[in-house]
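In what follows, chains carry the letters A, B, and so on, assigned in the order in which the sequence lines appear, proteins first and then strands, with residues in each chain numbered from 1.
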Amino acid sequence: MAERKRKQLSRNEKEKAKSKGGSDKCKQHVTTETRESRYFTCDQTHLQPHLGELFFRQPCVTLAKAFLGKVLVRRLDDGTELRGRVVETEAYLGGEDKASHSAGGKRTGRNTAMFMKPGTIYVYPIYGVYLCMNVSSEGDGAAVLLRSLEPLQGHAIMRQLRASKRKDKARPLKDKELCNGPSKLCQALDVQRRFDRQDMASDSEVWLEDTDSTTEVHEMVSAPRIGIQSHGEWAEKPLRFYLRGNTCVSVVNKEAERLCQT
DNA sequence: GGTACGATAGGCT
DNA sequence: GCCTATCGTACCG
């Protein structure tokens with residue numbers, strides 16, 4: 001309950017932050033599809049399609065931070081490519097991390113992907129209805145949860161995919177609402193359970209692209225993770241990372257932003 | 001517009 | 001029985 005209140009509070013703060021600017025990048029990319037395409041055409045020469053094994057072979061926290069700003073690509077069966085910039089992640093360290101599915105080194109059928117080589121995708125169902133996508137990092141049972149994307153390409157299809165899980169007469173989703181949560185991004189990119197244990201470093205349906213932009217330290221916020229309030233001290237550790245001011249972040253934590261100010 | 005809250009549903013342990 | 005969420009609706013200013 002307290003968590004929910006905190007969430008609500010944070011959402012409010014997110015909206016406020018938006019009006020202060022700093023979200024221009026998001027706006028710039030999110031406004032129209034045409035503009036996004038142009039952005040990508042311009043930058044095409046600087047992109048390194050398919051970040052490989054080397055990228056994922058980093059310690060969990062380092063990888064969770066390194067994900068920020070990278071572009072997640074989903075290629076659908078018909079060849080359509082959906083793109084979103086990663087703006088929010090969480091690190092689940094495995095072993096000692098009590099909030100991790102692999103806490104205590106516990107290995108089950110479900111979490112096997114967490115123990116596989118860095119870059120392995122871990123997709124699991126939650127609350128019976130939703131999916132969450134993680135990527136295995138260096139370290140036994142460690143993985144990075146992808147929490148939010150800033151839609152860059154394929155908005156219409158993302159909206160369609162998201163709408164199919166909602167009521168017919170529900171209000172249309174804003175661009176920033178398409179991927180602003182771990183399960184929302186799975187819906188928007190049509191991430192399926194069968195992706196579990198696939199290798200993001202070599203897969204032809206989901207991969208990560210580099211960009212020429214680097215995330216400055218002051219642009220990144222570290223905050224406690226979401227939805228794990230029952231895990232004691234591990235619930236407090238700042239293992240969630242997001243891009244400051246980006247309107248596509250699912251939950252803004254004002255206190256953490258103050259602490260991260262440099 | 002925002003905030004608060006209840007309902008939801010299925011797999012895993 | 002718990003769970004790394006989300007949605008719709010009711011209420012508030």
Inset, instruction - Would you sketch DNA chain B in dot-bracket for me? Only Watson-Crick or G-U wobble pairs with both distances under 3.5 Å count, crossing pairs as [ ], other-strand pairs as |, the rest as dots. - result: ||||||||.|||.

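- Between A/R75 and A/E81 there is a salt bridge, since a side-chain N of the basic residue sits under 4.0 Å from a carboxylate O of the acidic one.
- With both ends at atom P, the span from C/dT4 to B/dC5 equals 22 Å, rounded to whole Å.
- Panel note: side chain A/R166, backbone A/R171; a donor-acceptor pair is recorded below 3.5 Å.
- Counting only heavy atoms from C-beta outward, the side chains of A/Y242 and A/V251 never approach each other to under 4.5 Å.
- Side-chain atoms of A/D203 do not come within 3.5 Å of backbone N or O of A/M200 as any donor-acceptor pair.
- Contacts between residues 87-113 of chain A and DNA chain B, counted as heavy-atom distances below 4.0 Å, involve A/T108, A/R110.
- With distances taken from any side-chain atom of A/R193 to the nucleotides C/dC7, C/dA5, B/dG11, the minimum falls on B/dG11.
- Judged by distance alone, the side chain of A/R162 and the main-chain N or O of A/E177 form a donor-acceptor pair under 3.5 Å.
- Sorted by first and then second residue, the side chain to side chain donor-acceptor pair (under 3.5 Å) pairs involving residues 119-130 of chain A (not counting sequence neighbours) are A/H101-A/Y122.
- For the pair A/Q187 CD and B/dT8 P, the computed distance is 18 Å after rounding to whole Å.
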Please list, pair by pair, any protein nitrogen or oxygen found under 3.5 Å from a nitrogen or oxygen in nucleotides 10-13 of chain C.
none

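- With hydrogens and angles ignored, the 3.5 Å screen pairs no side-chain donor or acceptor of A/N253 with any backbone N or O of A/P224.
- A heavy atom lying under 4.0 Å from DNA chain C marks the following residues of residues 123-139 of chain A, by number: A/Y124, A/I126, A/Y127, A/Y130, A/N134.
- Rounded to whole Å, the distance from CG on A/D196 to P on B/dC12 is 10 Å.
- Remark: P of C/dT6 and NZ of A/K176 are 15 Å apart, rounded to the nearest angstrom.
- When the options A/K176, A/M158, A/R159 are evaluated for a side-chain contact (heavy atoms from CB on, under 4.5 Å) with A/P151, the one that passes is A/M158.
- Going from atom NZ of A/K237 over to atom C1' of C/dT4 covers 17 Å, rounded to whole Å.
- OP1 or OP2 of C/dA5 sits under 4.0 Å from a side-chain N or O of A/R147.
- Side-chain atoms of A/R240 do not come within 3.5 Å of backbone N or O of A/I226 as any donor-acceptor pair.
- The CZ-P distance, from A/R171 to B/dG1, rounds to 10 Å in whole Å.
- Atom-to-atom, NZ of A/K184 to C1' of C/dG8 comes out at 13 Å; the value is rounded to the nearest Å.
- Regarding A/K174, its NZ atom lies at a distance of 17 Å from the P atom of C/dT6, rounded to whole Å.
- In this view, A/R57 and A/E53, A/L54, A/P118, A/E138 satisfy the side-chain contact (heavy atoms from CB on, under 4.5 Å) rule, not counting sequence neighbours.
- Between A/E177 atom CD and B/dG2 atom C1' there is a gap of 13 Å when expressed in whole angstrom units.
- Under the salt bridge (Lys or Arg N to Asp or Glu O under 4.0 Å) rule, A/E88 has a single partner from A/K65, A/K184, A/R225, A/R147, which is A/R147.
- Of all heavy-atom pairs between A/S137 and A/L63, the closest is CB-CD2, 3.5 Å.
- For the side chain to side chain donor-acceptor pair (under 3.5 Å) with A/E209, the qualifying choice from A/K70, A/H50, A/R83 is A/R83, the only one to do so.
- The structure places CG of A/N180 at 12.0 Å from CD of A/E150, a figure rounded to the nearest 0.5 Å.
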